[in-house]
Student: 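Here it is, the structure in full.
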There are 2 protein chains.
Amino acid sequence: MPTVAPQRSRKAQIDRTATALFRARGFAATSMRELATELGLEAGSLYSHIKSKEEILHRVCFGLAEEFFAGFAAATAQNSAPVATQLRQAIEAHVRVLTRDSAASAVFLHEWRHLSEPARTEFLALRDRYEVAFRTLIQRGLAQGELHAPDAAFAALTLLASLNWLPAWYRPDGNLTPDEIAHRLAEQLLGGLLFNE
Amino acid sequence: MPTVAPQRSRKAQIDRTATALFRARGFAATSMRELATELGLEAGSLYSHIKSKEEILHRVCFGLAEEFFAGFAAATAQNSAPVATQLRQAIEAHVRVLTRDSAASAVFLHEWRHLSEPARTEFLALRDRYEVAFRTLIQRGLAQGELHAPDAAFAALTLLASLNWLPAWYRPDGNLTPDEIAHRLAEQLLGGLLFNE
DNA sequence: TATACTTCCTAACGCTCGTTAGCCAAAAAA
DNA sequence: TTTTTTGGCTAACGAGCGTTAGGAAGTATA
């Protein structure tokens, strides 16, 4: 009988702790014994809650993918709004996901390659779909004369690149709130795309 | 007696092959036996040429750091030139290093954390110095009114982030030459910073 | 020709890995 | 109260890890 009700299920605790370790050391360099120790358990005990090490990685990667898609969908729901507005909202949604759980984001961005097939291919397909969504939005902006850029694919790549660098330097206790960061990034990145700044 | 003289020393061959594997699988997930097989050797034979697995990683990471600094130094040698020109040249130099050996670049960007101390700390200090160099250049541009940005640190971070995403998608056999890529990236990234485009 | 060096081999070292089997005590459900 | 479920434990499995020792064969040097 725990003195206080656990705020999270054991499985969720394992996911959280594993995510932090995967981020810090990388998936391959994180051992189940390390993970167990961090949780005050023995290694074997983990398997009462999970099926395998990779299952954790799978959950983290695909869970975050879902969040990114949900954010993008919400940001572009109002199809009649100016493309620039939709793009700004999509950027802010992306940043919100990144900052809400930067450890999981870092794992999502860097550790997916340790997924075995077919999960790895599925994951890459999702990532590609997401990138295409941004590219398409930018292309619409170009076609309607709202944005200017030499190349939509190029613009989408550099835009996502700038955003995805965030987990590398973001600190939750920094002096910028996630919303401020999102706003600044949107301003800066759209600055190069908009006609009238 | 090899039928043709080896274009590279065995050690250099090992470094090259290891770099490709480190990039594809990650440092921790690459075994010395895999590396040896790739070279047509047995695992033990590698140690006639190298001291340890980490030594390879060390050489790759610090070798590339040197190249980045040399490129930046050359790009900003003419101190009297406009800051925008220096910045453009620094961007192009950075891209040139990235494209000249994108495998080594990917390792430089992602696998450095598997360096053990004190190399890891030394590496991070170098990386920080490089980032500061860009930030300082941008700051000079702001001070002289040549550039505009809400925050020099922010601008430097997003700039390097956009550039460093390159090894993730660059293909040497793509339809853009490294110089074209460098030029486009410089245009696009300076577009958001310059007053008159 | 004798010597040293280079570059590979085989075999093995101690160690850590992810995972499983079997067991046990406490808690929950019946 | 009996039964089932939950969530731990210990011990061990087979496999793979980085690395080393010792030796063999070819090449270069003296």
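Note on naming: letters A, B, ... go to the chains in the order of the sequence lines (proteins, then strands), and numbering restarts at 1 for each one.
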Student: What does A:Ser31 touch in the nucleic acid at a heavy-atom separation under 4.0 angstrom: a base, only the sugar-phosphate, or nothing?
Tutor: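 Sugar-phosphate contact only - A:Ser31 comes under 4.0 Å of backbone atoms but never of a base.
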
Student: Identify whether the distance between the nearest side-chain nitrogen and carboxylate oxygen of A:Glu131 and A:Arg135 falls below 4.0 Å.
Tutor: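 Yes, this pair counts.
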
Student: For A:Leu46 and C:dT20, what is the distance between atoms CG and P respectively, to the nearest whole Å?
Tutor: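 Nearest whole value for this atom pair: 12 Å.
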
Student: Given D:dC9, C:dT7, C:dG18, identify the nucleotide with an atom nearest to the side chain of A:Ser45.
Tutor: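 Output: D:dC9.
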
Student: From C-beta outward on A:Glu42, which listed nucleotide comes closest to its side chain: D:dG18, D:dG7, D:dC9?
Tutor: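 Output: D:dC9.
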
Student: Check B:Arg59 with B:Glu55, please: is the shortest side-chain N to carboxylate O separation under 4.0 Å?
Tutor: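 Looking at B:Glu55 and B:Arg59, the cut-off is met.
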
Student: A quick test of your reading: do over 12 heavy atoms of other residues, nucleotides or ligands sit less than 6.0 Å from CZ of B:Arg10?
Tutor: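 More than 12 heavy atoms, drawn from other residues, nucleotides or ligands, come within 6.0 Å of this atom.
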
Student: From NE2 of B:His49 over to P of C:dT6, roughly how many Å is that when rounded to an integer?
Tutor: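 Those two atoms, NE2 and P, are 11 Å apart.
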
Student: Want to settle it: does A:Arg10 or B:Ala43 sit nearer the 5' end of DNA chain D, counting the closest nucleotide to each?
Tutor: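 Nearest nucleotide further toward 5': that of A:Arg10.
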
Student: Describe the nucleic acid contact of A:Leu41 in one word from base, sugar-phosphate, nothing, applying a heavy-atom distance below 4.0 Å.
Tutor: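 Touches sugar-phosphate only.
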
Student: Could you tell me whether the side chain of B:Leu124 reaches within less than 4.5 Å of the side chain of B:Arg127, counting heavy atoms only?
Tutor: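 They are in side-chain contact.
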
Student: Which part of the nucleic acid, if any, lies within reach of A:Arg33 when heavy atoms closer than 4.0 Å are counted: base, sugar-phosphate only, or nothing?
Tutor: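 Base: the residue A:Arg33, judged by heavy atoms under 4.0 Å, touches a nucleobase.
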
